[in-house]
Amino acid sequence: MLPGDGARTQRFEAVALPHLSAAYNLARWICRNEADAADIVQEAVMRALQYFDSYHGGDARAWLLQIVRNSAHTWIGKNRVAGRVALDEFESDTAANLEGRWSAANPGPEDPLTTVVAQDESARLRLAIARLPVEQREVLILREFEAMSYRQIAGITGCPIGTVMSRLSRARDQLAEIVRGEQRASS
Amino acid sequence: MTHDEVRSLLDAYIDDELELTTGAAVEAHLRGCNQCSAWLAERRALVGQLHVAALRYPVPGELSARIGATLRSQDRRLKIQPQWFGAIAAGLIVAIGGFLLGQFWPRAPDLRSELVTASVRAMLGPHAIDVLSSDHHTVKPWLSSQLPFSPPVPELAQQGDALLGARVDYLGSTRVAALVYQHGHHQINVYVWPRGAVAMAPSHNSAIDGYHLTATQAGEFTAVMVSDLAVGELAAFRDRWQADASAAMDAGGH
């Protein structure tokens, strides 16, 4: 039951749906698996529609992402309670992919990981980001993939700008570590 | 600015998040510090790599379709309204006929099942409550802003019925107020409209699909309570609600 008319839904679609891809990317990176990310986004969009009357213009992407982020964290909380802590579909997927690619390209017995790493740096980065603590991961995603300002990220994650800054720095430190490790390994 | 201070600001510097003067101080340091310049170059390369690595996940087509369908179904509920005019008109004619025949309950079964259906659907869906507040000073103005009338909004917390909030609902093509109360484990939907806007006889109890309905009048308003509460409890709630709403209206309204 909507307290309005079809025009309200249309207005909502015009405001929110352009940011669906940012919404999904954030949910996907926070929860690290496809099926749950889809559920989180669907739920968040419905919740956004419900609260659409409280949206008074302004940064629609930040508004939607904040709702998505909260839904994703609720999801994390539920899974923790249910004892299904981060069964990382992502990692097993990627490991299997890397394994498959390696055996296709390198039937020989030489160091598999180094070869794979050199071949597929972006898969390595992906894995490295997935392994960051979620607090750092969400800040990194919002900054690097959504190009959001520290202020916007602070609004979405509900923490001070200083915290956003230090989480982002720590996240980049860890990724830099991994990239440096690769370079050493491949040279 | 010390070397360590500059180092701690370099990420913000890359992201163009520093104040002009701070940025200038960082640049001044960078000109004289090879270590920081090298670190900055490496960091920029990393960030650049992240941007080109195509690490975003595209929205699955299935999800876009699913969300689109859900939104359209929200829309359709509203778009089919004109089709309800006939049903409502028929209901009204039957209702008037019922009165003329001296029957107590107007024969508008569509309306009663529609009330139950609306309650069930609202409770299951994401639209149970549009204004979430136990304070009638919040709920009443919100309803007034959405509707052409200002319904009574009794707060009955002291009698054990907590006001949860309200939404605007449709009965056919008529917009009505729906107040939501919590009584124990049960929710009660109270539909309110100006008397005569929708036909419904007062004080008649009725049951459909495990839900009970009862109706009352308060001032110029008709109110229908729908809940899975037991008949007796719902009638008691109705009387509490009616007493409070009438008292408030006698006092000149909240």
Side-chain angles (χ1 to χ4, degrees), chain A residues 1-10 12-13 16-17 20-29 34-35 37-39 41-43 45-47 49-51 53-54 121-126 129 140-141 143-147 149-151 161 164-166 168-169 171-173 175-176 179-180, chain B residues 7-12 14-17 39 42-43 45-47 49-60 62-64 66-68 70-79 81 118-119 121-122 125-132 142-143 145-147 166-170 175 177-178:
Chain A
M1 292 278 110
L2 288 177
D5 46 21
R8 180 180 181 269
T9 314
Q10 278 172 12
F12 172 77
E13 288 182 27
L17 293 195
L20 193 60
S21 99
Y24 179 75
N25 186 55
L26 179 63
R28 179 69 176 78
W29 273 110
E34 198 176 315
D39 288 348
V41 170
Q42 162 122 13
E43 189 203 305
V45 167
M46 291 308 128
R47 205 184 282 182
L49 175 61
Q50 188 179 351
Y51 295 130
D53 292 329
S54 66
E121 201 163 71
S122 86
R124 280 285 283 178
L125 274 176
R126 201 179 274 273
I129 297 171
L140 186 88
I141 298 310
R143 174 63 221 164
E144 312 297 8
F145 300 159
E146 305 304 336
S149 71
Y150 290 5
R151 182 177 298 279
I161 290 182
V164 170
M165 223 165 123
S166 60
L168 181 61
S169 282
R172 284 173 174 169
D173 284 345
L175 296 185
V179 172
R180 268 198 297 273
Chain B
R7 176 62 64 85
S8 73
L9 292 173
L10 284 178
D11 272 304
I14 291 174
D15 295 329
D16 209 9
E17 291 271 354
W39 191 93
E42 196 186 331
R43 198 65 142 194
L46 170 74
V47 171
Q49 211 178 334
L50 284 173
H51 292 174
V52 298
L55 298 172
R56 286 183 110 245
Y57 288 100
V59 184
E62 175 269 331
L63 176 64
S64 302
R66 180 145 58 110
I67 288 175
T70 314
L71 290 173
R72 273 193 300 281
S73 75
Q74 301 269 357
D75 231 7
R76 198 169 323 128
R77 275 222 296 273
L78 300 156
K79 280 179 183 151
Q81 270 170 42
S119 301
R121 196 166 45 199
H127 289 288
I129 298 174
D130 285 316
V131 55
L132 196 68
W142 184 84
L143 285 170
S145 73
Q146 304 287 319
L147 294 164
R167 65 179 185 278
V168 170
D169 227 326
Y170 276 84
R175 285 156 66 80

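Here is how names work: the chains are called A, B, and so on, in the same order as the sequence lines, proteins then strands, and each is numbered from 1.
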Which atoms of A/Ile129 approach chain B - backbone, side chain, both or neither, heavy atom under 4.5 Å: side chain
Per-residue contact mode, A/Ala22 against chain B (heavy atom under 4.5 angstrom): both
Nearest heavy-atom neighbours spanning [X] and [Y]:
X       : Y        : result
B/Tyr57 : A/Tyr24  : O-CD2, 3.7 Å
A/Leu20 : B/Ser64  : CD2-OG, 4.0 Å
B/Leu55 : A/Asn25  : O-OD1, 4.3 Å
B/Gln49 : A/Leu125 : NE2-CD1, 4.0 Å

B/Leu50 versus chain A, the contacting section by heavy-atom distance below 4.5 Å: both
Per-residue contact mode, B/Leu46 against chain A (heavy atom under 4.5 angstrom): side chain
Are [X] and [Y] side-chain neighbours, meaning at least one heavy-atom pair lies under 4.5 Å?
X       : Y       : value
B/Leu71 : A/Leu49 : yes
A/Asp39 : B/Arg66 : yes
A/Leu17 : B/Ile67 : yes

Max heavy-atom pair count under 4.5 Å with chain A, selected residue of B/Val47, B/Leu132, B/Leu147, B/Leu10: B/Val47
Criterion salt bridge (Lys or Arg N to Asp or Glu O under 4.0 Å) on A/Glu146 and B/Arg56, from CA distance to verdict: CA-CA 9 Å; A/Glu146 305 304 336; B/Arg56 286 183 110 245; 2.5 Å; yes
NZ/NE/NH1/NH2 to OD/OE distance under 4.0 Å, A/Arg143 and B/Asp11: no
Distance-only polar pair, side chains of A/Ser149 and B/Glu17, donor-acceptor under 3.5 Å: no
Spacing of [X] atom [atom1] and [Y] atom [atom2] [to the nearest 0.5 Å]:
X        : Y       : atom1 : atom2 : answer
A/Ser169 : B/Ile14 : OG    : CD1   : 8.5 Å
B/Thr70  : A/Gln42 : OG1   : CD    : 4.0 Å
A/Met165 : B/Leu9  : CE    : CG    : 5.0 Å

Test salt bridge (Lys or Arg N to Asp or Glu O under 4.0 Å) applied to A/Asp173 and B/Arg43, step by step: CA-CA 9 Å; A/Asp173 284 345; B/Arg43 198 65 142 194; 2.8 Å; yes
Heavy-atom pairs under 4.5 Å with chain B, option from A/Ala37, A/Ser166, A/Ser21 with the top count: A/Ser21
